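No hydrogens, no waters, no symmetry mates; every other heavy atom, side chains included, goes into these values. Model, not experiment: these values are computed from the prediction. Naming: A, B, ... by sequence-line order, numbering from 1 per chain.
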Amino acid sequence: MLDARFVRENLDAVKQAMASRGCEWDFDAFSRLDEERRELIGQIEALQARRNEASKQIGELMKSGQRDEAETRKAEVREVNEGISAIDAHLAQVDEDVCRLLLTIPNIPDASVPVGADESENVEVRRWGTPREFAFEPKAHWDLGPELGVIDFEAGVKLAKSRFVVLGKHGARLNRALINFMLDTHAERGYTEWSVPALANAETLTGTGQLPKFEDDLFKTSEGLYLIPTAEVQLTNLHRDDMLEAADLPLYYCAYTPCFREEAGAAGRDTRGMIRVHQFDKVEMVKFATPETSYAELEGMVVDAGNIMELLGLPYRVITLCTGDMGFSAAKTYDLEVWLPSYGAYKEISSCSDCTDFQARRASIKYRGGEFKGSRFVHTLNGSGLAVGRCLVAVLENYQQADGSVIVPEVLRPYMGGLEVITADS
RNA sequence: GGAGAGUUGGCCGAGUUGGUUGAAGGCGCUCGCCUGCUAAGCGAGUAAGGGGCUAAACGCUCCUUCGAGGGUUCGAAUCCCUCACUCUCCGCCA
């Protein structure tokens with residue numbers, strides 16, 4: 001969420017920022033409501049000051065036995081109170097409208113973010129590794145997986161519905177190996193591991209920005225809880241309403257969780273395979289940093305995500321999302337894309353964002369003890385490290401051999417009981 | 001699920017015959033003094049959010065907030081109701 005005063009005082013800059021995102025926002029309504037709100041607050045507070053003054057006098061009159069005079073003042077206050085409640089009802093409505101507007105305006109892109117309309121205008125930053133030249137026709141994971149018995153698409157549909165998958169045999173173990181490998185690797189780099197609920201309440205999801213605007217993307221339970229779309233939600237909200245110490249920053253957190261997404265607007269996209277499914281595993285990284293260091297921390301997070309693919313020997317590239325392609329809460333986002341032979345292209349496997357104080361303001365996450373008076377909002381960052389399902393797909397496709405078997409990357413073998421090759425009958 | 005106790009500022013903790021208590025005291029923190037160093041000591045300051053005044057900073061002023069919401073009252077941390085959460089005991093259970 002943006003600060004109402006900031007929007008008011010930087011109206012043109014905010015308008016420009018929203019235009020660069022291709023985001024429609026009712027600035028006129030905001031200005032109107034914001035002004036009305038302040039006007040009403042002024043009126044109410046003037047009346048409240050009168051009431052407080054009179055009440056104090058009534059107390060004194062009662063003590064000194066001037067009952068009649070006290071009764072007169074009481075009648076006066078009753079009248080003042082009627083005025084207050086009338087205005088108050090109006091203010092409550094205006095407040096709600098202002099709040100609703102502020103909760104639906106996205107973060108302002110950082111100045112370094114390329115301006116662009118959509119993903120075609122994202123900017124490549126760097127590449128690591130070289131896509132392998134196959135001496136045979138490589139298979140896509142939607143063929144390879146079932147043939148090896150590691151992915152079962154039909155079973156997923158039977159147990160739940162389309163866009164759910166079942167991992168079997170070495171697939172299940174490879175999945176678990178990836179999770180453990182990622183968590184262990186991040187731990188070595190200073191990330192504290194957490195295990196968090198897979199369900200979250202509305203307040204939590206409002207804190208990170210999924211609600212109220214993107215409720216359609218979430219699975220919801222009958223009692224009002226939501227299945228988390230990412231562990232970012234939980235890790236970031238761990239410190240909701242907290243006051244952190246500057247000396248403790250930055251904080252590095254990570255967690256493995258399943259993630260659940262309705263994919264409401266994704267009909268027809270990535271329909272084959274397990275690239276886009278309703279439930280997938282992900283290891284997530286979250287940082288809490290000061291405004292001074294947050295962009296440097298973002299660079300570091302991208303390195304930490306890329307490190308996983310480098311250790312796995314998976315070719316990838318890093319791109320900077322342009323203004324039109326960035327997520328709601330982010331001020332700057334790097335996507336990491338892994339090479340997938342089935343797509344003949346790089347495909348998103350991680351998204352690392354600096355949300356600046358956007359989430360911290362919603363969730364009230366502050367810190368103190370720095371070179372400033374009082375407290376300030378922290379900057380929150382999050383990034384996948386990595387999406388496990390897509391990583392499993394990348395391993396299968398990139399490490400496949402002509403006979404249909406798949407070599408297990410060396411770093412994963414300790415997690416696979418020393419297994420070196422996945423074959424259909426192993 | 002049943003019964004009881006609790007929820008106060010960065011933290012701990014007073015405050016329930018309603019009225020200068022936004023809140024004693026302590027800890028922590030900041031500044032100053034003192035002090036070979038450190039520790040201790042002395043003095044002052046120290047909640048947040050919002051409105052207004054000011055070109056702005058400083059500052060001044062007003063309002064709100066004692067788990068959340070509602071009620072009683074001229075006035076509520078203090079009385080009443082509802083809800084949430086925490087703790088203890090019982091029940092149930094992986």
Side-chain angles (χ1 to χ4, degrees), chain A residues 1-11 13 30-103 195 197-207 221 223-226 234 237-249 251 288 290 357 360-378:
Chain A
M1 159 162 82
L2 301 180
D3 183 27
R5 192 184 314 172
F6 178 85
V7 177
R8 179 193 314 145
E9 292 172 358
N10 300 276
L11 206 56
F30 171 78
S31 295
R32 198 173 60 243
L33 289 165
D34 180 59
E35 195 174 333
E36 188 175 3
R37 175 176 164 276
R38 286 183 292 150
E39 168 65 26
L40 293 172
I41 286 172
Q43 291 175 14
I44 284 183
E45 291 189 349
L47 290 174
Q48 284 172 329
R50 270 179 62 188
R51 178 180 67 189
N52 291 342
E53 181 58 31
S55 291
K56 201 179 286 184
Q57 287 171 5
I58 289 168
E60 285 160 9
L61 289 169
M62 296 292 273
K63 265 181 201 161
S64 62
Q66 294 170 262
R67 288 287 169 83
D68 292 348
E69 182 61 18
E71 287 303 324
T72 311
R73 306 306 302 264
K74 282 189 188 182
E76 272 175 44
V77 176
R78 269 190 281 264
E79 216 168 291
V80 168
N81 275 339
E82 278 173 31
I84 290 177
S85 46
I87 301 171
D88 206 37
H90 189 188
L91 177 63
Q93 183 59 50
V94 172
D95 251 340
E96 194 185 314
D97 292 345
V98 169
C99 191
R100 182 174 43 75
L101 276 171
L102 285 174
L103 282 174
S195 179
L199 278 79
N201 58 38
E203 198 179 351
T204 296
L205 287 153
T206 303
T221 71
E223 62 174 82
L225 289 169
Y226 299 83
Q234 305 294 41
N237 277 282
L238 275 177
H239 287 304
R240 189 170 77 233
D241 298 325
D242 276 358
M243 180 70 71
L244 305 173
E245 297 293 336
D248 296 334
L249 300 177
L251 293 171
F288 299 85
T290 65
D357 61 1
R361 184 173 291 106
R362 288 173 160 248
S364 184
I365 308 171
K366 300 178 180 180
Y367 77 106
R368 63 199 174 102
E371 302 285 314
F372 52 87
K373 260 200 326 189
S375 58
R376 295 199 302 190
F377 290 115
V378 300

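- Distance from the side chain of I58(A) is smallest to C74(B) among G50(B), C74(B), G10(B).
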For a salt bridge (charged side-chain N to carboxylate O under 4.0 Å, His left out) check, start with the C-alpha distance between K56(A) and E53(A), then their side-chain angles and the critical distance, and finish with the verdict.
CA-CA 5 Å; K56(A) 201 179 286 184; E53(A) 181 58 31; 5.1 Å; no
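- Inter-residue side-chain proximity for V7(A) and F30(A) is flagged as met; some heavy-atom pair is nearer than 4.5 Å.
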Apply side-chain hydrogen bond (donor to acceptor under 3.5 Å, both in side chains) to the pair T204(A) and N201(A), showing each step before the final yes or no.
CA-CA 5 Å; T204(A) 296; N201(A) 58 38; 2.9 Å; yes
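- Here the closest non-hydrogen pair linking R361(A) and F377(A) is CA-CE2, 3.7 Å.
- Listed in residue order, the members of residues 76-94 of chain A having a heavy atom less than 4.0 Å from RNA chain B are V77(A), R78(A), N81(A).
- Here the separation of G25(B) from U21(B), taken at their C1' atoms, is 14 Å to the nearest Å.
- With both ends at atom P, the span from G75(B) to C85(B) equals 32 Å, rounded to whole Å.
- Proximity of a side-chain donor or acceptor of S85(A) to a complementary backbone N or O of N81(A) within less than 3.5 Å is detected.
- The separation of C90(B) from U82(B), taken at their C1' atoms, amounts to 26 Å, rounded to a whole angstrom.
- Straight-line distance from the CD atom of E203(A) to the C1' atom of G67(B): 12 Å, rounded to whole Å.
- Here G50(B) is the nucleotide among C62(B), G50(B), G19(B) with the atom lying nearest to any side-chain atom of D3(A).
- Distance, L102(A) CG to G50(B) C1': 14 Å, rounded to whole Å.
- Distance check on atom C1': C66(B) versus U54(B) gives 33 Å, rounded to whole Å.
- Among the heavy atoms of the strands lying under 4.0 Å from R5(A) are primed sugar atoms or P, OP1, OP2 only; no base atom is included.
- Taking atom CE on M1(A) and atom P on G49(B), their separation rounds to 12 Å, with Å as the unit.
- Nearest-nucleotide positions on RNA chain B for M62(A) and K74(A) put M62(A) closer to the 5' end.
- At the heavy-atom level, A54(A) lies nowhere under 4.0 Å from the strands shown.
- Across U35(B) and G28(B), the matching C1' atoms stand 23 Å from one another, rounded to whole Å.
- Contact annotation: the side chain of E203(A) approaches that of R240(A) to within less than 4.5 Å [non-hydrogen atoms, C-beta and beyond].
- Residue-environment remark: CZ (R50(A)) stays at or below the threshold of 12 foreign heavy atoms within 6.0 Å.
- Where K56(A) and E39(A) meet RNA chain B, the nucleotide closest to each residue was compared, and K56(A) sits on the side nearer the 5' end.
- We find that CD of E71(A) is positioned 13 Å from P of G75(B), with the value rounded to whole Å.
- The minimum heavy-atom distance between I58(A) and R73(A), with the atom names listed, is CG1-CB, 3.6 Å.
- Comparing atom distances between the R37(A) side chain and each of G51(B), C63(B), G19(B) picks out G51(B) as nearest.
- Within 4.0 Å (heavy atoms only), R8(A) reaches sugar-phosphate atoms of the nucleic acid but no base atom.
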Pairs counted as Watson-Crick or G-U wobble with both distances under 3.5 Å: what dot-bracket string results for RNA chain B, using | for bases tied to another strand?
((((((((.[[[..)...(.....]]]((((((.......))))))(((((((.....))))))).[[[[[..)....]]]]])))))))....
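- The neighbour count for E35(A) CD, taken as heavy atoms of other residues, nucleotides or ligands under 6.0 Å away, does not exceed 12.
- I41(A) comes within 4.0 angstrom of the backbone, heavy atoms only, and of no base.
- Proximity of N52(A) to the phosphate of C62(B): no side-chain N or O atom is located under 4.0 Å from OP1 or OP2.
- In this structure, the CZ atom of R50(A) is 16 Å from the P atom of C62(B), given to the nearest Å.
- The nearest whole Å value for the distance from the CZ atom in R240(A) to the C1' atom in G67(B) is 14 Å.
- Distance noted for atom P between C58(B) and G51(B): 16 Å (whole Å).
- By the 4.5 Å heavy-atom criterion applied to side chains, L244(A) and R368(A) are not counted as neighbours.
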Salt bridge (charged side-chain N to carboxylate O under 4.0 Å, His left out) assessment of K366(A) paired with D242(A):
CA-CA 6 Å; K366(A) 300 178 180 180; D242(A) 276 358; over 6 Å; no
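- U78(B) and U20(B) are spaced 14 Å apart, taking the P atom of each and rounding to whole Å.
- Atom CZ of F6(A) is separated from atom C1' of G50(B) by 19 Å (rounded to the nearest Å).
- Side chain E45(A) to base G52(B): no donor-acceptor pair is found below 3.5 Å.
- Nearest heavy-atom pair, N237(A) versus A363(A), reported as atom, atom and distance to 0.1 Å: OD1-CB, 4.2 Å.
- Taking only side-chain nitrogens and oxygens, K366(A) never comes nearer than 4.0 Å to OP1 or OP2 of A47(B).
- Look at R38(A) and you won't find any side-chain N or O under 4.0 angstrom from OP1 or OP2 of G50(B).
- Atom CD of E53(A) is separated from atom P of G19(B) by 18 Å (rounded to the nearest Å).
- Using C1' as the reference atom, G1(B) and C92(B) are 8 Å apart when rounded to the nearest Å.
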